[in-house]
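For reference, the structure is listed below as structure tokens.
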Amino acid sequence: MSDFILQAVAVSKTYYSAAGELEAVADINLTVCPGEFLCIVGPSGCGKTTLLQLLAGLLPPTRGEVRLAGVPLTEPHPDIAVVFQKPHLMPWRTVRQNVLLPLQVAGLPTDEADRRAAEALSLVRLADFADVYPKSLSGGMEQRVAVARALAQHPRLLLLDEPFGALDALTRERLNRRLLHIWQTRRLTAVMVTHNIREAVYLADRVLVLSPRPATVSAEFSIDLPRPRPDGIEYSEAFGRLAYEIRQAIRE
Ligand SMILES: Nc1ncnc2c1ncn2[C@@H]1O[C@H](COP(=O)(O)OP(=O)(O)O)[C@@H](O)[C@H]1O
Ligand SMILES: [Mg+2]
């Protein structure tokens, strides 16, 4: 057994297409400990989404290996749930039916699936919206459904790709606070990629900085701020210093 829940060992990814070869991720090594919140930041187009899909087992590496609890990961795994940049909800299914979908695909008994969907929707504060259709939701609510759909899978590992990136700053702040609360009470392990430095400092125990494409890990920061995060921590000197140091480490 490995002490790490997730590991990338010399992972590279090259895309081959009619336009030629494009190296998106180059020789990345990283480890994630159980219970950790890891944020990965990097400039736009550097390979963040590619890296997250590699870590999720959704994309095969060109070289190297991703390991889940020490075991090579070659396809999506029930212990891993992913929240994408866009919510990807089915418009003809209600909120509850959207959350139920992966549970039904996994063949969970109906009553267990119903119980999990209700619990996940209440965690994201959407219990009252279970029977509405996505078209009547705000962007923030749609992303909360996507988070509920991931949580209902009872993953050990939650992977998030700029999940609140398209939302206004206040909504994003609120959802990040909610996410931290869920991560802490559920004792999840979380890996989030983002290009927002302050978001990374607020959420993470550790921040990895990626280089411009092809992505490699160019710096690592320990975020030694109190948990649970006190109100207003974003405005403290320690927070500002960390954000500044990380900003300095990002090349564009
Ligand atoms: N399926 C694909 N085929 C070819 N190139 C791709 C594919 N997906 C992403 N890319 C390219 O790989 C690079 C990294 O993309 P991505 O991982 O989405 O970066 P980020 O999420 O950091 O913006 C970009 O140049 C992008 O155009
Ligand atoms: Mg991306």
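As the structure lists them, so they are numbered: ligands from 1, and atoms in each ligand from 1.
- Residue nearest to atom 14 (C) of ligand 1, selected from Pro212, Gly45, Gly20: Gly45 (by heavy-atom distance).
- Thr49 CB, 3.6 Å is the protein heavy atom nearest to atom 18 (O) of ligand 1.
- Under 4.0 Å is where a charged nitrogen must lie from a carboxylate oxygen, and between Glu112 and Arg115 at least one such pair does.
- Heavy-atom neighbours of Arg227 CZ from other residues, nucleotides or ligands within 6.0 Å: above the threshold of 12.
- Distance from atom 1 (N) of ligand 1 to its nearest protein heavy atom, with residue and atom name: Tyr15 CE2, 3.6 Å.
- Under 4.0 angstrom from ligand 1, the non-hydrogen atoms of Thr50 come from both its backbone and its side chain.
- Close to ligand 1: Gly47, with a non-hydrogen atom less than 4.0 angstrom away.
- Here the side chain of Ser211 pairs a donor or acceptor atom with the backbone of Pro214 at under 3.5 angstrom.
- For atom 13 (C) of ligand 1, the nearest non-hydrogen atom from the set Glu162, Arg213, Glu23 comes from Arg213.
- The local environment of OH in Tyr16 is crowded, with over 12 non-hydrogen atoms from other residues, nucleotides or ligands closer than 6.0 Å.
- Counting heavy atoms from C-beta outward, Leu179 and Phe164 have side chains that approach closer than 4.5 Å.
- Atom 22 (O) of ligand 1 lies below 4.0 Å from at least one non-hydrogen atom of the protein.
- Taking 4.0 Å as the cut-off, Cys46 counts as a neighbour of ligand 1 on heavy-atom distance.
- Heavy atoms from other residues, nucleotides or ligands lying under 6.0 Å from CD of Gln248 number more than 12.
- Listed for the Arg96 side chain is no donor-acceptor partner under 3.5 Å among the backbone atoms of Ala117.
- Classification of Arg63 and Glu23 as a salt-bridged pair holds, one side-chain N sitting under 4.0 Å from a carboxylate O.
- Closest to atom 12 (O) of ligand 1, if we only count protein heavy atoms, is Leu22 CD2, 3.3 Å.
- A 6.0 Å sphere centred on CG of Asp168 holds more than 12 heavy atoms belonging to other residues, nucleotides or ligands.
- Distances from atom 26 (C) of ligand 1 to the protein include no heavy-atom value under 4.0 Å.
- Protein atoms of type N, O or S found under 2.8 Å from the Mg ion (ligand 2) total 1.
- Interatomic distance, OG1 of Thr216 versus CG of Asp27, reported as 8.5 Å (0.5 Å rounding).
- Between Asn176 and Met192 there is a side-chain heavy-atom pair separated by less than 4.5 Å.
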